[in-house]
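The model shown is predicted, which means the values in this text are computed figures rather than measured ones.
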Amino acid sequence: MLKWFPMARLIFTDTDSLYYSIEAPDVEAKLFEHRDLLDYSDYPVGHKYHDPTNRLKLGKFKCETKGASIIEIVALRPKMYSILMRKDADPASETVEKQRIKGISRATAREIRHKDYIAQLNDPVENYQINRRIGHKAHQLYSFEVCISCFSNFSI
């Protein structure tokens, strides 16, 4: 990446993802020049960079936003981040949030918004969420309710 964009900065990584901040005139056009290394199959069919050539090929990089622009990222620690982005590649489209918070059920995580990540970044405090799940003990099904610390052990 630094070969193509010397001023690129790595923002954060996840298990199988790299998020870069790149300020350049037309990033997509420059990346598309190297499409032999990239998988553009998830882009909408009408998009000018849609290319199914490398669909599902191992070792190819893929844009997780499918051409939509990212507005803001808050990454607190591994497996705990929030991304505010456009709904699609149209710059006038509405904004959507994508969050990841390990150890919290999806139902509970749906209640946590991008603004909560920003608040935690600016003023780190212990936050607790009720995590409900179904489990078993000795072949008997039970529903469990556990109070889990969402943003614990976070310091700037």
Side-chain angles (χ1 to χ4, degrees), residues 1-127 129 131-133 148-156:
M1 190 62 67
L2 292 175
K3 187 169 152 183
W4 307 329
F5 304 102
M7 299 303 288
R9 292 184 336 219
L10 183 64
I11 301 296
F12 81 100
T13 64
D14 198 7
T15 305
D16 60 351
S17 304
L18 299 168
Y19 288 83
Y20 281 95
S21 173
I22 302 171
E23 293 183 29
D26 195 357
V27 175
E28 286 289 340
K30 182 74 170 173
L31 286 172
F32 198 69
E33 291 173 12
H34 305 282
R35 63 183 165 271
D36 56 317
L37 303 172
L38 304 164
D39 178 0
Y40 283 99
S41 63
D42 280 350
Y43 277 51
V45 176
H47 195 280
K48 67 180 178 179
Y49 295 121
H50 175 77
D51 183 7
T53 307
N54 291 328
R55 180 172 160 71
L56 301 177
K57 287 189 179 174
L58 291 176
K60 304 299 179 187
F61 289 96
K62 182 183 285 192
C63 179
E64 291 188 18
T65 63
K66 300 171 183 69
S69 58
I70 295 175
I71 299 166
E72 184 175 52
I73 295 176
V74 178
L76 299 177
R77 62 180 185 182
K79 304 286 186 207
M80 185 179 291
Y81 60 86
S82 178
I83 300 173
L84 187 64
M85 61 186 189
R86 296 282 175 212
K87 187 174 183 178
D88 52 40
D90 179 12
S93 66
E94 65 181 296
T95 58
V96 293
E97 299 177 9
K98 175 184 174 185
Q99 285 104 7
R100 171 87 163 111
I101 185 163
K102 184 180 180 184
I104 304 294
S105 69
R106 279 190 214 131
T108 304
R110 273 188 231 126
E111 298 172 12
I112 302 172
R113 309 277 19 117
H114 186 77
K115 64 180 175 58
D116 298 324
Y117 284 80
I118 293 171
Q120 184 64 23
L121 182 65
N122 294 328
D123 184 26
V125 294
E126 290 280 335
N127 289 305
Q129 294 287 333
N131 204 16
R132 293 178 181 91
R133 66 179 187 87
I148 294 181
S149 177
C150 291
F151 297 120
S152 66
N153 300 325
F154 173 73
S155 60
I156 295 178

Return the [atom1] to [atom2] distance between [X] and [Y], rounded to the nearest 0.5 Å.
{"X": "Trp4", "Y": "His34", "atom1": "CH2", "atom2": "NE2", "result": "5.0 Å"}
{"X": "Met7", "Y": "Leu2", "atom1": "CE", "atom2": "CG", "result": "10.5 Å"}
{"X": "Arg100", "Y": "Ser82", "atom1": "CZ", "atom2": "OG", "result": "13.0 Å"}
{"X": "Ile112", "Y": "Met80", "atom1": "CD1", "atom2": "CE", "result": "8.0 Å"}
{"X": "Phe32", "Y": "Tyr49", "atom1": "CZ", "atom2": "OH", "result": "7.5 Å"}
{"X": "Thr95", "Y": "Leu84", "atom1": "OG1", "atom2": "CG", "result": "5.0 Å"}

What pair of heavy atoms forms the shortest contact from [X] to [Y], and how long is it?
{"X": "Glu111", "Y": "Asp116", "answer": "O-OD2, 4.0 Å"}
{"X": "Ser41", "Y": "Pro52", "answer": "CB-CA, 4.0 Å"}
{"X": "Ala75", "Y": "Tyr81", "answer": "CA-CB, 3.9 Å"}
{"X": "Pro44", "Y": "Lys66", "answer": "CD-O, 3.8 Å"}
{"X": "Tyr20", "Y": "Ile11", "answer": "C-CG1, 3.9 Å"}

Quick check: does any side chain N or O of [X] sit under 3.5 Å from a backbone N or O of [Y], one acting as donor and the other as acceptor?
{"X": "Glu72", "Y": "Ile83", "answer": "no"}
{"X": "Lys60", "Y": "Asp36", "answer": "yes"}
{"X": "Asn131", "Y": "Ile104", "answer": "no"}

Item to complete: Just jot down the side chain to side chain contact (heavy atoms under 4.5 Å, CB included) partners of Arg110, sequence neighbours excluded, or say none.
Response: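 In terms of side chain to side chain contact (heavy atoms under 4.5 Å, CB included), with neighbours along the sequence ignored, Arg110 is linked to Arg106, Ala107.
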Fill in: Salt bridge present between Asp39 and Arg55 (N-O < 4.0 angstrom)
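Here Asp39 does not pair with Arg55 in a salt bridge, since their nearest N and O are not under 4.0 Å apart.
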Practice prompt. Check step by step if side chain to side chain contact (heavy atoms under 4.5 Å, CB included) holds for Leu31 and Tyr40.
Written response: CA-CA 10 Å; Leu31 286 172; Tyr40 283 99; 3.4 Å; yes
Inspect the surroundings of [atom1] in [X] and state if more than 12 heavy atoms from other residues, nucleotides or ligands are less than 6.0 Å away.
{"X": "Lys48", "atom1": "NZ", "result": "no"}
{"X": "Glu33", "atom1": "CD", "result": "yes"}
{"X": "Phe61", "atom1": "CZ", "result": "no"}
{"X": "Arg9", "atom1": "CZ", "result": "no"}

Can you find a pair of side-chain heavy atoms, one from [X] and one from [Y], that are under 4.5 Å apart?
{"X": "Leu10", "Y": "Leu18", "result": "yes"}
{"X": "Gln120", "Y": "Leu76", "result": "yes"}
{"X": "Lys62", "Y": "Asp42", "result": "yes"}
{"X": "Arg86", "Y": "Val96", "result": "no"}
{"X": "Arg113", "Y": "Gln99", "result": "yes"}

Worksheet item: Can a donor-acceptor pair be found between the side chains of Glu97 and Tyr117 at a distance below 3.5 Å?
Response: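 Result is no, nothing qualifies.
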Item to complete: State which residues pass side-chain hydrogen bond (donor to acceptor under 3.5 Å, both in side chains) with Ser93; sequence neighbours excluded, sorted by chain then number.
Response: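 Asp88.
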Fill in: By side-chain hydrogen bond (donor to acceptor under 3.5 Å, both in side chains) - contacts of Arg133 (at least two apart)
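Arg133 satisfies side-chain hydrogen bond (donor to acceptor under 3.5 Å, both in side chains) with no residue once adjacent residues are dropped.
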Worksheet item: Taking it one step at a time, do Tyr19 and Glu64 satisfy side chain to side chain contact (heavy atoms under 4.5 Å, CB included)?
Response: CA-CA 10 Å; Tyr19 288 83; Glu64 291 188 18; 3.1 Å; yes
